[in-house]
Amino acid sequence: MRKNILIIDDDRDLRDFLQQALSAAGFNVETTYRGAEGLRKLLTEDFHLALIDINMPEISGPNICRALRKHDKTRNLPVVMVTATLHSPKQIAEAKNEYGADDFLFKPFTGIDLQQLLERVFVQGDKNADESASEAQNISDYTLPVQLHKLYVKKATGLLHLQSGEAKKIIYLKDGYPIFTRSNVLSECLGRMLVKENVITQVDCDQSVERSKETGRLQGTVLIEMGLLTPQELHAALTRQVTEKLLSTFAWKSGTYQFVPGKDFKKNVTQIKLTPAALIMHGIERYWSAKRLEDYLYPFNEDYLKQATNPLYRFQDIELSKRGAAILKSCRGIKTLAQILEQHPLAKREVQKALTALLISEMIERQATPEQVAVEDIPGVDSTQIIDDKLRRKILDDYGRIMDADYFEALGLSRQSGPSEARRAYYRLAKEYHPDRFLGSGLSAEMSNKINQMFQYITQAYTVLSDPDTCADYLDELVNGPKKSIDIHQVIEAESAYQEGRALLKVRRYAAAAKLLQRAIELSPEEPEYMTHFAWALFKSAPEKPGIQNQALEVLLASRESNPSFDLTHLYLGHVYHVQGKERQSEKSFEMAVQANPDCTEALRELRLINLRREQAPPQSKGLFKKFINKDN
């Protein structure tokens with residue numbers, strides 16, 4: 001069943017973007033720019049997700065969320081706040097606790113950010129879903145590397161079950177990193193691998209197997225007792241073994257895969273020491289055929305390639321060869337994939353492997369048109385550092401400084417800094433604290449969590465400060481504090497009065513409508529639509545009275561000042577001016593109504609009548625806006 005999503009945001013461009021993107025993804029989408037109307041919809045209709053702007057002039061997102069959590073119908077409804085103003089993971093956690101938001105979408109965001117949000121909400125975050133297992137799916141040519149990258153992006157923890165024929169494997173993942181692999185493939189046992197590598201003989205292997213069965217000790221321990229391996233050699237061999245069990249799945253073209261989320265599993269295993277990007281690179285290098293490479297890259301031949309702008313992807317440790325590093329450096333947005341391949345005719349296969357791994361890992365991006373100016377090369381990630389006391393103290397010091405700072409201070413910027421300065425500062429810090437740098441460095445769980453929090457926070461800081469509009473909003477909040485929000489009950493009462501007043505207007509009960517609409521204005525005095533409809537109801541209740549005419553005119557002019565793009569304000573002004581005998585102002589107002597809304601048929605009709613009267617009078621100007629009438633005919 002298609003899921004229903006409601007978007008509540010007063011930014012029309014953002015509403016349109018979200019509606020188009022979510023509709024294209026197969027969701028039923030409704031939008032509204034009014035908080036009260038959105039709340040009413042959520043309380044009375046059936047939705048599976050609400051996307052709500054955190055700061056709106058009428059009613060704030062937090063107040064909408066608080067109201068939803070008070071009702072049984074919407075208590076567990078997933079609510080995502082769209083914001084550019086929250087400052088830190090701590091504030092986000094406090095916001096979730098304070099008013100019950102489930103997640104946040106940080107502006108400006110990309111289609112990938114939106115996709116990941118939907119996956120969190122409808123896959124990982126579904127409170128009613130069975131989290132014990134996902135549905136098994138078929139393996140195709142590109143499944144394994146693509147899935148490894150997706151699980152890395154999601155920071156998933158759990159077990160990836162793989163099966164092809166009789167072969168079964170389980171990949172253990174923690175926070176998106178594969179750490180161990182189990183396999184039932186006999187040729188992948190430790191002894192046979194060492195025989196294949198000429199480390200031991202087949203006779204040694206058979207003897208170690210017999211002693212292992214007799215004593216119940218692991219084969220690796222027996223090989224040490226036999227003097228065939230040192231403890232260090234055994235550890236290196238076990239690391240190669242668990243890694244090879246994973247890499248060999250890159251050759252699979254059929255079978256099934258199933259990811260089972262989990263928080264805990266077997267400990268004290270020999271861990272894989274490669275990042276997901278490096279595993280993808282090695283697996284493709286060793287197991288992908290020429291045909292598979294050609295089939296994967298062919299659809300992108302005419303796309304221009306450039307280094308990823310998102311440091312989470314760009315600074316992955318992928319262990320490129322010297323030629324691969326040169327290929328990455330050449331992706332500057334000015335050459336297509338086909339053009340890059342043409343430059344390396346004698347090393348085409350090596351270049352194809354590097355490009356395939358870089359594309360799957362999203363370390364390079366595709367675009368339909370070239371960059372006007374080549375993007376600057378972004379320095380790569382330094383090799384992993386061993387965590388000693390000096391480095392540990394530096395991490396803790398930086399963590400305390402960054403997490404307690406505002407976005408400018410976190411990036412080491414002044415409040416007058418521009419987007420280019422924010423970008424340079426961000427990439428310097430993102431390079432230093434990308435989580436891949438600390439894989440296999442002996443980092444404790446607590447220290448690893450601090451690294452991830454810092455990386456997330458500086459990414460949020462750059463996202464806000466790199467966009468002039470969100471930066472200005474953020475700076476305004478730093479200086480003046482959060483925008484003031486109106487009491488939710490007052491706003492809902494105002495909206496109810498407005499809707500009832502409009503209904504009375506339609507049945508021409510003008511005096512009763514004016515009372516309700518006046519009440520709406522008292523509760524929400526700066527809402528131009530309330531003002532426009534109140535003025536019209538007031539005028540229609542006694543159109544012959546000059547005092548009423550003047551009062552209606554005053555309110556309409558105030559409404560026009562607040563929202564000059566509302567066509568009904570201009571239309572009603574035209575009618576009031578006409579009754580007062582101010583024909584030039586009347587005609588001008590009707591013309592402005594058509595400018596605001598070319599489909600305002602009542603204003604077009606009035607302009608025709610004015611033109612008809614002018615034609616029947618002695619010859620004179622036919623009006624500056626006759627083009628509207630001619631265009632409509």
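The shown structure was predicted, so the numbers you read here are calculated from the model rather than taken from an experiment.
Judged by the 6.0 Å and 45° rule, Lys450 forms a cation-pi pair with Tyr399. Stacking of Arg519 on the aromatic ring of Tyr530 is not recorded, the 6.0 Å distance cut-off and the 45° axial limit not both being met.
Every residue two or more places apart in sequence or in another chain that forms a side-chain contact (heavy atoms from CB on, under 4.5 Å) with Arg509 is listed here: Leu504, Val507, Ala512. The side-chain contact (heavy atoms from CB on, under 4.5 Å) check on His578 picks up Glu583, Ser586, Arg613, with sequence neighbours excluded. Residues passing the side-chain hydrogen bond (donor to acceptor under 3.5 Å, both in side chains) test with Tyr426 are Thr459, sequence neighbours excluded. Contacts of Thr74 classified as side-chain contact (heavy atoms from CB on, under 4.5 Å), with partners at least two apart in sequence or in another chain: Leu43, Leu68, His71, Leu77.
Nearest approach of Gly61 to Ile52, heavy atoms of both residues: CA-CG2, 3.7 Å. Listed here is the closest heavy atom pair of Ala308 and Glu365: CA-OE2, 3.5 Å.
Classified by interplanar angle (parallel below 30°, tilted 30° to 60°, perpendicular above 60°), the ring pair Tyr407/Tyr474 is parallel. Using the six-membered ring where Trp is involved, His434 and Phe315 have ring planes that are perpendicular, over 60° apart on the 30 and 60° scheme. Ring-plane geometry between His149 and Tyr152 is classed as tilted, the angle between the planes lying from 30 to 60 degrees on a 0 to 90 degree scale.
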message: For Phe455 and Tyr433: C-alpha separation, side-chain torsions, deciding distance, then whether ring pair (Phe, Tyr, Trp, His ring centres under 6.0 Å) applies.
response: CA-CA 6 Å; Phe455 186 80; Tyr433 284 115; 9.3 Å; no
Name the atoms and distances for all side-chain donor-acceptor pairs under 3.5 Å in residues 539-561, with sequence neighbours left out.
from   : atom 1 : to     : atom 2 : distance (Å)
Ser541 : OG     : Leu538 : O      : 2.5
Gln549 : NE2    : Pro543 : O      : 2.8
Asn550 : OD1    : Gln580 : NE2    : 3.0
Asn550 : ND2    : Pro546 : O      : 3.3
Ser559 : OG     : Pro528 : O      : 2.9
Ser559 : OG     : Thr532 : OG1    : 2.7

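Panel note: side chain Arg366, backbone Asp303; no donor-acceptor pair is recorded below 3.5 Å. Not a single donor-acceptor pair under 3.5 Å links the side chain of Thr336 to the backbone N or O of Glu302.
For residues 580-600, every residue pair satisfying the ring pair (Phe, Tyr, Trp, His ring centres under 6.0 Å) rule, not counting sequence neighbours, is listed here: His575-Phe590.
No donor-acceptor contact under 3.5 angstrom links the side chains of Glu371 and Tyr304, judged on distance only. Thr31 and Gln19 form no side-chain donor-acceptor contact under 3.5 Å, judged by distance and modelled atom types alone.
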